[in-house]
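Worksheet for the structure shown next.
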Amino acid sequence: MEFDDIFLETIDSTQEYAKKNVDKFDISKITCITADFQTKGKGRFNREWLSPKEDNLMITFYFQLKTNTLHLHSITHILAISLIKVLRDNNLDPKIKWPNDVMLDNKKLSGILCEIQTKNDKADIFLGIGINVNANIEFLNTIDQKATSLKVETKKTWDKKNLLENLKLVFSKNLKLFKEKGFEPFHEKFENLLLYKGEKITFFDGQKEHKGILHSISSDGQLNLYMPDKEMLTFAAGDILCK
Ligand code: BTN
């Protein structure tokens, strides 16, 4: 699938920009909105997403899917897996903290925020990703969780444009397969990349916390948590808080 690229210097959030301007976008393409700086970057669960000017990649991909697309809500995993492919091609060894944080050395490198608006049989997908590319350690230390950047991990400055182009290429290929077959073709790869698999975790489902063992990922991308009472709980959304 082809891309339409929109570059913004400063914006509140590429997600908000995309939602405001959605009627102007060509639905036969993927619209790729990037910004050098966001004044109100958004994370999951209403958290903020911080990034210094120009150092990192902040992207919203907008495209449409049919509402009956198989495993529609696992589209976030597809972007995570795409970034991981690009990083592995650069000799890095990233892992996924479910649902879609991309981690290097147990620290967060990238976060994904997916917002879906449905109308009739069409779903507008606003798939946002923030990647710490060239952020330095001083900035990363100001974030309230352990975070890293490609520059900190590899001790070199990365070409953001090149990284973006590679990500677009892999993502569009994966999106094509996802549209045809859903999450299934990605399931095994995704599960093998999972951080904390088989380990005891604290999981937040958006309302309450559960302590259990991260058992597996179901074939549609949900998280299976094995509870002390031997019950298996399955979650479509939430966050791993700690081990
Ligand atoms: C998370 O880990 O909580 C998700 C973070 C998503 C951040 C990206 S940066 C580009 C896009 N615009 C935003 O305001 N948020 C996403």
Side-chain angles (χ1 to χ4, degrees), residues 3 5-22 25 30-63 73-84 86-87 94-104 106-117 124-135 139-140 142-150 158 160-161 163-164 167-168 171 193-196 203-206 221 223 235-242:
F3 284 88
D5 296 306
I6 298 176
F7 169 71
L8 307 162
E9 250 166 55
T10 299
I11 194 78
D12 50 354
S13 152
T14 53
Q15 293 289 110
E16 297 313 312
Y17 176 89
K19 286 189 279 180
K20 263 181 234 147
N21 291 283
V22 63
F25 302 154
I30 303 172
T31 304
C32 172
I33 302 146
T34 51
D36 261 350
F37 188 63
Q38 295 187 133
T39 54
K40 255 187 161 178
K42 297 200 318 182
R44 294 170 64 235
F45 295 113
N46 283 327
R47 296 179 195 129
E48 47 176 6
W49 181 262
L50 296 169
S51 181
K53 204 168 183 337
E54 290 173 14
D55 281 347
N56 293 336
L57 277 172
M58 286 160 275
I59 314 162
T60 293
F61 293 110
Y62 164 76
F63 48 94
H73 288 267
S74 283
I75 182 65
T76 62
H77 301 329
I78 305 307
L79 184 54
I81 254 190
S82 303
L83 176 61
I84 284 186
V86 173
L87 298 176
K95 295 273 184 298
I96 295 173
K97 182 170 163 229
W98 194 91
N100 46 44
D101 285 354
V102 175
M103 311 286 285
L104 274 179
N106 270 299
K107 288 168 273 185
K108 182 159 169 171
L109 178 83
S110 164
I112 294 173
L113 170 70
C114 184
E115 297 174 272
I116 299 181
Q117 294 177 349
D124 281 325
I125 314 286
F126 302 90
L127 190 53
I129 183 167
I131 311 168
N132 295 327
V133 183
N134 291 320
F139 164 74
L140 295 166
T142 66
I143 298 179
D144 60 0
Q145 58 177 307
K146 277 193 195 159
T148 194
S149 71
L150 290 173
W158 285 58
K160 280 199 312 176
K161 258 202 188 136
L163 185 66
L164 174 63
L167 179 62
K168 281 160 63 181
F171 178 62
L193 288 165
L194 216 56
L195 208 60
Y196 311 137
F203 184 77
F204 178 62
D205 69 7
L223 179 105
F235 297 96
D239 233 358
I240 298 170
L241 294 182
C242 56

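Residue numbers count from 1 along this sequence. Every number for a ligand or one of its atoms is a count from 1 in the order of the listing.
In this structure, D144 does not pair ionically with R47, as no charged nitrogen and carboxylate oxygen lie closer than 4.0 Å. Between E16 and K42 a salt bridge is recorded (basic side-chain N to carboxylate O distance below 4.0 Å).
Closest to atom 3 (O) of ligand 1 among all protein heavy atoms lies R44 N, 2.7 Å. Ranking protein heavy atoms by distance to atom 5 (C) of ligand 1, first place goes to W49 CE3, 3.4 Å. Among protein heavy atoms, the minimum distance from atom 16 (C) of ligand 1 is reached at K42 O, 3.8 Å. Closest to atom 11 (C) of ligand 1 among all protein heavy atoms lies T14 OG1, 3.2 Å.
Close approach to G130 involves these atoms of ligand 1, each under 4.0 Å from a residue heavy atom: 7 (C), 8 (C), 9 (S). Taking a cut-off of under 4.0 Å to the non-hydrogen atoms of G43, the atoms of ligand 1 that pass are 1 (C), 3 (O), 4 (C), 5 (C). Close approach to G41 involves these atoms of ligand 1, each under 4.0 Å from a residue heavy atom: 14 (O). Near K108, the atoms of ligand 1 lying under 4.0 angstrom from a non-hydrogen atom of the residue are 1 (C), 2 (O).
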Show the numbers, then the answer: is there a side-chain contact (heavy atoms from CB on, under 4.5 Å) between R44 and T76? CA-CA 12 Å; R44 294 170 64 235; T76 62; over 6 Å; no

Salt bridge (charged side-chain N to carboxylate O under 4.0 Å, His left out) evaluation trace for D36 with K160: CA-CA 11 Å; D36 261 350; K160 280 199 312 176; 3.4 Å; yes

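With a heavy-atom cut-off of 4.0 Å, E16 does not touch ligand 1 at all.
Between the choices I129, I112, T60, the shortest heavy-atom distance to atom 4 (C) of ligand 1 belongs to I112.
The shortest side-chain heavy-atom distance between F126 and T14 does not fall under the 4.5 Å cut-off. Residues F139 and N134 are not in side-chain contact: their nearest non-hydrogen atoms beyond the backbone lie 4.5 Å or more apart. In this structure, the side chains of I131 and L167 come closer than 4.5 Å at one or more pairs of heavy atoms.
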